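Source: prediction; values computed, not measured. Heavy-atom basis, side chains included; hydrogens, waters and symmetry copies ignored. Residue indices begin at 1 and follow the sequence shown.
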Amino acid sequence: MSQNYHFYKQRADEAAADADSAELENVRQRYLDAEKTWRGLAEQARKVEDDRATAKQERLQRIAAEEAAAEAAGHEGE
């Protein structure tokens with residue numbers, strides 16, 4: 001995964017730990033809100049990476065198919 005995903009996940013984990021150790025309810029809630037936001041960003045970053053990997057794989061498959069078709073067309077003329 002990208003550094004972004006790991007960065008966001010680490011921040012979410014830190015916010016969760018801070019929430020667990022917070023003594024005041026409003027401080028605990030602030031950390032829980034931050035954790036939720038960081039986790040959302042982490043999931044978004046992970047999805048973008050997954051989409052990019054899928055697009056790259058599809059692009060490579062399309063290129064391979066086009067090359068195979070071009071090679072086959074070249075052999076037909078022989």
Side-chain angles (χ1 to χ4, degrees):
M1 291 285 148
S2 166
Q3 190 67 13
N4 288 336
Y5 169 79
H6 293 294
F7 173 81
Y8 295 141
K9 184 180 179 313
Q10 183 178 15
R11 295 300 168 270
D13 293 343
E14 289 172 2
D18 289 340
D20 286 342
S21 64
E23 294 181 16
L24 299 173
E25 181 58 30
N26 63 329
V27 174
R28 186 175 88 66
Q29 190 57 51
R30 185 176 64 214
Y31 283 127
L32 290 174
D33 291 344
E35 176 193 10
K36 182 179 178 182
T37 300
W38 286 119
R39 293 214 189 280
L41 290 169
E43 280 305 306
Q44 184 178 11
R46 188 174 60 84
K47 183 180 180 323
V48 167
E49 284 191 6
D50 289 348
D51 290 348
R52 284 182 183 161
T54 299
K56 182 178 180 179
Q57 185 63 32
E58 290 171 353
R59 192 168 45 252
L60 292 173
Q61 289 174 346
R62 186 179 63 246
I63 290 169
E66 290 170 356
E67 289 173 350
E71 186 176 319
H75 287 300
E76 288 178 8
E78 294 178 5

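- At most 12 non-hydrogen atoms from other residues, nucleotides or ligands lie less than 6.0 angstrom from CD of Glu71.
- Arg59 has its side chain within reach of Arg62: a pair of non-hydrogen atoms, C-beta onward, lies under 4.5 Å apart.
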CA sep, side-chain torsions, deciding dist, call: Asn26, Gln29, side-chain contact (heavy atoms from CB on, under 4.5 Å): CA-CA 5 Å; Asn26 63 329; Gln29 190 57 51; 5.6 Å; no
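- With respect to Asp33 and Arg28, no salt bridge is recorded, no charged nitrogen being found less than 4.0 Å from a carboxylate O.
- Nearest approach of Tyr8 to Leu41, heavy atoms of both residues: CD1-O, 3.5 Å.
- Atom CH2 of Trp38 and atom OH of Tyr31 lie 13.0 Å apart (nearest 0.5 Å).
- Between Arg39 and Ala16 the shortest heavy-atom distance is NH2-CB, 4.3 Å.
- Taken from CG in Leu32 to OG1 in Thr37, the straight-line distance is 11.0 Å, to the nearest 0.5 Å.
- Around atom CD of Glu43, more than 12 heavy atoms belonging to other residues, nucleotides or ligands sit under 6.0 Å away.
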